[in-house]
Amino acid sequence: METTKINSWNEWDTLKHVIVGRADGTMVQAPEPGVVRDWPEDGFPKGTYGPLPEEMVHIANEQLDNLVRILEGRGIRVDRPEVLDFSQSVSTPDWTHESMFGCMPPRDVLITLGNEVLEATMSYRSRWFEYLCYRPLLQRYFHEDPDMRWEAAPKPRLTEASYRPGFWDEFEHMTYEQRLERGKRFDLLLTEEEPLFDAADIMRFGKDLFVQPSMVTNRSGIKWLRKHLPNHRVHEFIFEDDYPLHIDATWIPLRPGLVLHCGKRKADPELVKFFHLNDWEIVEAVTPRRTNGPLPPLCFCSEWLAINLLSIDEKTICLEASEEAQAEQLSGLGFEIIPVPFWDVAPFGGGLHCATVDLYREGTMQDYFPRRYGRF
Ligand code: DAV
């Protein structure tokens with residue numbers, strides 16, 4: 001029997017065990033207070049919902065399976081989630097929703113913090129039950145690893161009180177600049193009624209965790225994380241973004257002292273100072289290949305999935321295969337690049353980082369930011 005040990009503190013230590021998602025059964029979810037899809041050109045005008053086309057599922061699964069082969073070829077253990085019937089409607093005592101979503105991006109749902117695996121609250125009704133896809137794995141790890149801590153954040157109510165009334169109508173009519181302004185004030189969709197967060201809004205740098213409030217993470221969610229993790233320092237900060245959704249295509253640590261930044265989403269100057277004070281270099285990522293389109297149909301992520309990468313260790317990076325300029329930039333910084341075709345997975349919820357959750361990386365909790373500064 002394989003022995004299981006849960007241990008991962010950052011994004012770059014040597015990877016030994018990982019979950020890779022599946023594309024099967026993924027839905028364009030039914031409209032809900034947390035998210036509204038509108039893709040008339042691709043067969044899903046506003047108000048409609050249903051499974052993504054079979055052919056797209058097939059190609060995405062081929063790319064996911066290929067990633068699994070690459071990782072296993074390097075001696076990394078890979079586990080996969082259990083696919084549910086995501087077309088079923090789901091209910092709590094507070095509401096009923098016509099569909100679920102899928103289980104391609106485990107990164108949104110789970111985060112490993114040392115020997116703990118934490119299930120995020122999520123903030124879409126369609127994703128409320130997504131943790132169930134990972135329960136067979138988590139139960140197994142719980143029994144196999146005597147030191148594993150299995151935690152779940154409080155399940156949210158997700159009543160109307162969690163969302164600003166009228167937000168989507170306003171948002172639809174806002175310019176890019178107006179959206180940036182609203183984002184800067186964190187005057188977005190979510191209220192502070194209850195803690196809400198997606199795990200993919202957290203970036204792990206050992207003792208320090210950087211979390212952005214977003215369309216799916218509120219300040220109460222960050223406050224809950226801070227209370228839950230007394231041995232970490234949980235920092236909250238905002239990037240200038242018209243639709244902030246997950247931090248893992250914006251602020252990507254590559255190794256101690258080096259972070260890759262999506263320059264289009266300006267970082268808080270205080271955050272930059274804090275990194276520089278601690279001798280971290282911030283490198284602006286090159287322009288992604290798909291900046292002038294097209295993105296795949298039904299894709300709700302941006303061209304910046306180009307930097308949604310998966311580190312195998314602090315010298316080796318899995319990168320989307322067609323992002324050649326990005327590969328060149330990273331090679332220039334001393335990394336070996338493993339090219340992985342992955343753009344067909346994007347409509348299912350993201351890139352290589354989104355599609356994975358690391359469960360074991362060698363190494364221990366380190367303090368990479370010994371010098372304190374301002375509110376950081
Ligand atoms: O387009 O920056 C990517 C991450 C989705 N999990 C974006 C979002």
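Everything quoted here is computed from the prediction, not taken from an experiment. Counting starts at 1 for both ligands and their atoms, following the listed order.
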Ligand 1 atoms in contact with [X] (distance to a heavy atom under 4.0 Å):
{"X": "S302", "answer": "1 (O), 2 (O), 7 (C)"}
{"X": "L305", "answer": "3 (C)"}
{"X": "C354", "answer": "4 (C), 5 (C), 6 (N)"}

Between R265 and ligand 1, which part of the residue brings a heavy atom under 4.0 Å of the ligand: side chain, backbone, both or neither?
-> side chain
Could you see which bit of A200 sits under 4.0 Å from ligand 1, with heavy atoms only: side chain, backbone, both or neither?
-> neither
Side-chain heavy atoms of L330 within contact of I317, under 4.5 Å =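 Touching, per the 4.5 Å side-chain cut-off.
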Can the ring centroids of W280 and F205 be said to lie less than 6.0 angstrom from one another?
-> yes
Specify whether F210 and F369 have parallel, tilted or perpendicular ring planes, treating 30° as the upper limit for parallel and 60° as the lower limit for perpendicular.
->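 F210 vs F369 ring planes: perpendicular.
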Using 30° and 60° as the class limits, which term best fits the ring planes of F239 and W251: parallel, tilted or perpendicular?
-> tilted
Contact with ligand 1 for C301, non-hydrogen, under 4.0 angstrom =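 C301 counts as a contact of ligand 1 under the 4.0 Å cut-off.
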How many angstroms lie between atom CZ of F197 and atom CG of L190, to the nearest 0.5 angstrom?
-> 13.0 Å
Rounded distance [0.5 Å steps], CD in E181 versus NZ in K184 |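 One finds 4.5 Å between CD of E181 and NZ of K184.
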What about H246: any of its N or O atoms under 3.5 Å from an N or O on ligand 1?
-> yes
Between T250 and ligand 1, is there a nitrogen or oxygen pair with a distance under 3.5 Å?
-> no
Nearest protein heavy atom to atom 8 (C) of ligand 1, by residue and atom, and its distance?
->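 Looking at atom 8 (C) of ligand 1, the protein heavy atom closest to it is L245 O, 3.4 Å.
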shortest atom 4 (C) of ligand 1-to-protein heavy-atom contact is with D248 OD1, 3.4 Å
Identify whether NZ of Lys or CZ of Arg in R37 sits under 6.0 Å from the centre of the six-membered ring of F300 and within 45° of that ring's axis.
-> yes
